[in-house]
Amino acid sequence: MINANSNINTKYPAIIEMQNVGIRYDQGPEILSDIRLSLRKGSFHFLTGKSGAGKTSLLSMMYLAQKPSRGTVSVFGHNVNFANRDALAMLRRKIGVVFQDFRLIDHLSAFDNVALPLRVCGMDEREIRKRVMELLQWVELDKSIQATPATLSGGEKQRVAIARAVINRPDLLLADEPTGNVDNDIAPKLMKLFVELNRLGTTVVIATHSEKLIHDFAYPRLHLQNHGLKIYGPNDYTNMRGNLV
Amino acid sequence: MSKKPVFISRHEELPLQGGSTSLFLQIMVGIAVFLFSVTLSGVLAINSMLLNWNESILGSLTVQIMPSTHLNQDKAIAETLAHQEKALDVLRNINEVEKAEPLSDKQLTKLIQPWLGDGISIQNLPIPRIIDVKIKKGASLDYMDLAYKLAQATPMASVDNHKLWLNKLIRFADGLKLLALSVLVLVVMITSGAIFYTTQTSLGLHKYTIQILHLMGAKDTYVAQQFAKRSAVLALQGGFFGLLVGLPTIFGIASLAQQIEGGIISEARLSFFDWGAILSLPILAGLIAMITAYYTVKQTLQKMM
Ligand SMILES: Nc1ncnc2c1ncn2[C@@H]1O[C@H](COP(=O)(O)OP(=O)(O)OP(=O)(O)O)[C@@H](O)[C@H]1O
Ligand SMILES: [Mg+2]
């Protein structure tokens, strides 16, 4: 028993751990309270909950944009409350994020936006070029390499954001409504990308409102409700129905 | 399958605002470099002139004792020698003086021989007495102070004018050096102040982009380096223009000075190294800008998560 446990801990270490986590904005009420959570390496979860339930807030602690108001959050085994700025930067390099509002840099081309995670860690420009071109082609944006976000459609922006999130082959992929704006024919392709990355070892969390997505891909689900978190198994359809959107 | 190479232009992630902020910075740095280049060239020129003065000129001086006008010849001589003793007393009590010796009768005779011919007895003539003063090597004697002390001791002693004038010039040069130093402090303050201000402004404007860079795993250093690079370039440009205005000013002043008194001022030449120092002022400004921007960014970002 003890052996089995220690084995699972070394082979599938916790990538994200939260204990008694609460988060609030300014002096307002707690959006999330007493969150306990442990996501192991290689896991794949959907994150659901009504609009305003706190999905983005929960993810933002995972991608180290904010610290919890109380409790402890550990990412890759590092307690974020004690990590210094440079250590946080190094942790972020292992995390790919698709933001709900994309957060592309408006004055940069699609190419430069996707190249950002590689440039901040000082990769050779030739290698950057190779990787970015390849990926932009894969997400079918090779015609828009030089285009700035303002001239791209919502779905195209989303694909740039996804490309930027996966360009560095992250250990942890956090996607906030990643297929909300894309056509139905490219959505499965992007999901396949996430599944493929997961198969190669990336831990994935995808926040979504899409019942179809959750139905088509049988992954466990983190559900936010009444400031708390419940975890449902992949086939827990009865529970799922009433809770969606 | 070979593909046509596509030209991809890379854009700055954190462009400094092109408009008024950059111009403000360039103008400030330009003014600073202009001021300093003119001051520095003045100081260097006068310094080189002073160095050009022969050590021997500076190392010795003569003090004259005017002869007494007493009608009794013996008394007149005795009085003159008494004045000479007083002057010697003063001179020998000055630290910087190595030795003060009156010229002997024989030496004096030799001095006036060309004018008055052989067989002259200086005992019978009302000629001035001369004290030869040697100054210790490397010591800087205050001639004004010396002249004052001599005048106190005896009204008959006088130091030659040339030395007094030189001493005034040395004092002036010292004052100018102090001025140059304060201008330098001003230049550094203006440059780093302008950089600090523009960097803070720019950081505020780029807050959103910087947040994204951080989320992509950028360290503060990454952001700071971009600001440092841009600031250095702007300051370099501003400094270059300051120098461009400064150089004709320097030449203008030089040619005016030349007209005043050709003989002396022409020794005020700027050496190769002096020119090197003046021409590298924009680089100095660039360095200051770079360092200031870097640490301003580091300091400011500390407050972000
Ligand atoms: N920066 C902020 N400042 C203040 N309040 C915030 C901030 N961000 C989120 N909130 C509040 O926290 C609550 C949860 O927001 P959050 O964005 O996490 O919800 P969500 O589940 O992602 O919603 P959606 O599905 O609409 O994206 C909301 O009530 C929101 O108003
Ligand atoms: Mg959200």
Side-chain angles (χ1 to χ4, degrees), chain A residues 59-61 63-67 80-81 83-99 101-122 125 128-130 132-134 136-137 142-143 145-146 148 161 164-165 167-168 170 174, chain B residues 1-22 198-230 233-234 293-305:
Chain A
L59 287 177
S60 70
M61 285 187 286
Y63 56 72
L64 307 171
Q66 55 183 335
K67 294 181 177 172
V80 304
N81 285 321
N84 67 30
R85 298 178 62 76
D86 282 353
L88 287 173
M90 293 315 281
L91 293 177
R92 288 185 188 116
R93 291 181 187 184
K94 300 201 278 182
I95 306 172
V97 189
V98 184
F99 301 95
D101 52 355
F102 313 138
R103 302 214 192 164
L104 301 174
I105 298 178
D106 287 335
H107 61 268
L108 294 184
S109 64
F111 183 97
D112 284 336
N113 267 292
V114 175
L116 271 186
L118 304 179
R119 283 188 175 142
V120 299
C121 57
E125 277 297 320
I128 289 176
R129 202 190 137 93
K130 208 184 106 219
V132 174
M133 296 295 269
E134 205 177 279
L136 280 174
Q137 218 161 5
D142 40 338
K143 299 279 183 301
I145 290 164
Q146 298 266 47
T148 54
R164 186 182 64 183
I167 189 75
N168 212 8
L174 304 168
Chain B
M1 194 177 83
S2 73
K3 271 203 240 63
K4 247 195 292 176
V6 189
F7 175 72
I8 296 173
S9 58
R10 180 181 178 179
H11 294 272
E12 294 280 342
E13 286 145 19
L14 300 163
L16 274 182
Q17 292 325 99
S20 52
T21 316
S22 298
T198 49
T199 303
Q200 290 248 308
T201 310
S202 192
L203 277 174
L205 290 168
H206 287 303
K207 201 171 173 174
Y208 173 79
T209 306
I210 292 168
Q211 256 163 7
I212 293 173
L213 288 174
H214 273 140
L215 289 173
M216 303 290 111
K219 292 183 182 176
D220 292 346
T221 320
Y222 182 83
V223 179
Q225 278 169 350
Q226 297 209 7
F227 274 91
K229 208 171 101 189
R230 295 299 305 265
V233 170
L234 283 179
Y294 188 85
Y295 286 102
T296 305
V297 173
K298 284 275 232 178
Q299 283 293 313
T300 313
L301 291 187
Q302 282 295 326
K303 294 163 205 147
M304 293 169 85
M305 177 172 173

message = I'd like to check A/R164 versus B/I212 (side-chain heavy atoms, cut-off strictly below 4.5 Å). Are they in contact?
response =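 In short, these two side chains touch, coming nearer than 4.5 Å.
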query = If we only count heavy atoms from C-beta on, is the B/K219 to A/R92 side-chain gap below 4.5 Å?
reply = no
Residue list, ring-ring contact (aromatic ring centres under 6.0 Å, His included) with B/Y294, at least two apart or on another chain = none
Crowding at [atom1], [X] (>12 non-hydrogen neighbours, <6.0 Å):
X      : atom1 : result
A/E134 : CD    : no
B/Q200 : CD    : yes
B/K229 : NZ    : no

task = Under 4.5 Å, counting heavy-atom pairs only, tell me which of A/I95, A/L104, A/D106 racks up the most with chain B.
result = A/L104
Taking all heavy atoms of [X] and all of [Y], pick out the closest pair and write down the distance.
X      : Y      : answer
A/A89  : B/A218 : CB-O, 3.8 Å
B/M216 : A/F99  : CE-CE1, 4.0 Å
B/G217 : A/V120 : C-CG2, 4.0 Å

task = Check whether A/L91 gets within reach of chain B through its side chain, its backbone, both or neither, counting any heavy atom under 4.5 Å.
result =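 Neither part; nothing is under 4.5 Å.
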message = Please report the interatomic distance CD(B/Q211) to CD1(A/I105), rounded to the nearest 0.5 Å.
response =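 So the CD of B/Q211 and the CD1 of A/I105 are separated by 11.0 Å.
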message = To the closest 0.5 Å, what do you measure between NE2 (A/H107) and NE2 (B/H206)?
response =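 One gets 6.5 Å once the value is rounded to the nearest 0.5 Å.
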request  = Taking side chain to side chain donor-acceptor pair (under 3.5 Å) as the test, write out the residues that go with B/D220, two or more places apart.
outcome  =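 If we apply the side chain to side chain donor-acceptor pair (under 3.5 Å) test to B/D220, skipping adjacent residues, the hits are A/R85, B/H214.
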